[in-house]
Amino acid sequence: MSVGEPLLQVRGLTKHFPVRGGIFLRTVGQVHAVDDVSFDLDVGETLGLVGESGCGKSTVGKALLRLYEPTSGTVLFEGRDVVAMNRAELRRLRRDIQIVLQDPFESLNARHTVGKILEEPFVIHRLGTPAERRRWAAELLERVGLPAVAANRFPHEFSGGQRQRIGIARAIALRPKLIVCDEAVSALDVSIQSQILNLLLDLQREMNLALIFIAHDLAVVKHVSDRIAVMYLGEVVETATADDIYAAPRHPYTQALISAIPVPDPTAQSDRVVLVGDVPSPIDPPRGCRFHTRCRYARDDCGHIKPALESVHDGASVACHYWESVSEAERLGGVGT
Ligand code: SF4
């Protein structure tokens with residue numbers, strides 16, 4: 001990795017899943033889960049990847065680690081091509097990139113003690129003696145706010161928040177450079193959410209970690225992200241710094257998501273933009289702008305001509321033909337004003 005180069009460079013990442021049908025289970029279509037997604041991530045930076053359920057954000061996270069094989073595109077980590085890596089190279093890569101899932105039960109073996117779960121990464125990578133691994137596991141537990149004796153218990157004996165701490169402990173065991181947090185706090189109560197977010201931010205500062213924070217809720221990523229990428233139906237429709245995107249969202253979809261964030265003041269007037277209609281099927285996504293079937297600013301050509309994700313200002317980018325007039329209309333109070 002050369003000086004000044006991003007830690008992670010994603011270009012044109014695409015993942016389609018085949019749809020099979022008929023008695024011979026032939027491929028009869030493709031689910032366009034992710035189409036042509038590109039972004040960079042610097043050392044120690046946090047990118048929030050947001051969008052409604054099913055927009056492809058989790059598929060992006062898993063494709064970065066090759067938990068899903070990308071259909072096309074390139075993923076460069078420290079300049080190395082992840083998509084071209086063989087099994088041995090991928091195993092080494094997983095020391096550097098880890099994932100924390102929404103449900104730690106998916107990644108924590110219910111039949112193993114927590115100690116064994118935390119020692120496993122060291123066993124896989126042939127690090128330390130058994131006594132050292134036990135000591136490292138105890139240190140990891142203490143680092144995430146759990147007592148060392150928790151090593152003797154099983155995952156089901158812990159609450160959801162504690163299990164997520166165990167998931168994070170395992171993720172940091174090999175001192176990675178990047179952690180993908182895939183809806184890591186979505187299933188937790190609000191007070192527990194903030195404890196886990198604070199833990200992740202502390203670890204980030206301590207270890208100079210880069211984070212990709214995947215969430216359907218913009219309120220969750222608002223305070224932890226340096227930059228945000230908004231996805232709709234498999235595509236990135238807007239990127240900007242967190243401050244910029246919350247202060248002045250340019251894409252009509254981002255505007256709708258931000259307007260849905262609850263305001264703490266009950267007397268404040270709600271300007272919520274209600275999205276009409278359902279999310280279209282990713283098997284047959286709309287032509288032109290994929291958002292045109294739900295966009296309150298759509299014009300005739302939006303259904304025919306696909307807007308490119310274009311750089312608009314200070315590293316921000318937006319995929320909308322009419323983002324300037326849309327932004328002006330929003331400033332004046334919405335469509336038709
Ligand atoms: Fe709406 Fe058209 Fe912009 Fe798409 S290109 S977001 S349909 S105004």
Side-chain angles (χ1 to χ4, degrees), residues 12-16 30-39 47-57 59-60 214-219 221-222 225 227-261 270-337:
L13 183 66
T14 297
K15 177 63 187 173
H16 294 168
Q30 299 285 336
V31 175
H32 295 243
V34 174
D35 268 321
D36 198 17
V37 165
S38 301
F39 61 87
L47 175 75
L49 197 54
V50 296
E52 288 167 293
S53 177
C55 70
K57 56 194 186 301
T59 306
V60 169
I214 296 170
H216 62 273
D217 183 348
L218 260 89
V221 294
K222 184 175 180 183
S225 303
R227 280 187 305 125
I228 307 265
V230 179
M231 288 188 69
Y232 182 75
L233 213 53
E235 297 177 333
V236 172
V237 296
E238 182 164 5
T239 66
T241 63
D243 289 344
D244 192 15
I245 217 163
Y246 286 98
R250 296 176 176 88
H251 195 281
Y253 179 61
T254 316
Q255 290 162 357
L257 288 184
I258 287 178
S259 78
I261 297 176
S270 170
D271 292 324
R272 179 168 182 169
V273 180
V274 178
L275 286 174
V276 290
D278 296 325
V279 180
S281 167
I283 296 175
D284 186 20
R287 297 169 71 85
C289 173
R290 288 190 180 177
F291 188 56
H292 83 265
T293 56
R294 302 172 81 199
C295 179
R296 61 185 186 152
Y297 294 104
R299 302 183 198 178
D300 287 347
D301 55 350
C302 296
H304 310 290
I305 304 168
K306 191 177 187 64
L309 185 68
E310 281 178 357
S311 181
V312 291
H313 155 82
D314 282 350
S317 55
V318 60
C320 171
H321 299 305
Y322 301 109
W323 70 268
E324 283 168 300
S325 55
V326 163
S327 298
E328 181 62 8
E330 285 293 307
R331 200 179 60 75
L332 296 173
V335 70
T337 56

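Atoms within each ligand, like the ligands themselves, are counted from 1 in listed order.
- Heavy-atom proximity to Pro252, at under 4.0 Å, picks out these atoms of ligand 1: 6 (S).
- Counting heavy atoms closer than 4.0 Å to ligand 1, residue Arg299 contributes nothing at all.
- Counting atoms of ligand 1 from 1 in the listed order, those under 4.0 Å from a heavy atom of Ala298 are 7 (S).
- Of all atoms in ligand 1, numbered sequentially from 1 with element shown, those under 4.0 Å from a heavy atom of Cys295 are 1 (Fe), 6 (S), 7 (S), 8 (S).
- Taking the side chain as every heavy atom from C-beta outward, Ile228 and Val221 approach each other to under 4.5 Å.
- Using a cut-off of 2.8 Å, one finds that Cys289 contributes an N/O/S atom close to atom 4 (Fe) of ligand 1.
- Classification of Arg250 and Glu310 as a salt-bridged pair fails, no side-chain N sitting under 4.0 Å from a carboxylate O.
- Taking the centre and axis of the six-membered ring of Tyr232, the NZ or CZ atom of Arg290 falls outside the cone set by 45° and 6.0 Å.
- Between the side chains of His16 and Asp35, at least one donor-acceptor pair of N or O atoms lies under 3.5 Å.
- Ser311 and Ser317 share no side-chain donor-acceptor pair at under 3.5 Å.
- Within the coordination shell of atom 3 (Fe) of ligand 1, defined by N, O or S atoms under 2.8 Å, Cys320 is present.
- Heavy-atom contacts of His251 reach the following atoms of ligand 1: 6 (S) (cutoff under 4.0 Å).
- Of all protein heavy atoms, the one lying nearest to atom 5 (S) of ligand 1 is His321 N, 3.4 Å.
- Taking atom 2 (Fe) of ligand 1 as the reference point, the nearest protein heavy-atom neighbour is Cys302 SG, 2.3 Å.
- A salt bridge does not link Glu52 with Lys57: every distance from a Lys NZ or Arg NE/NH1/NH2 to an Asp or Glu carboxylate oxygen is 4.0 Å or more.
- The nearest pair of heavy atoms linking Tyr246 to Leu218 is OH-O, 2.6 Å.
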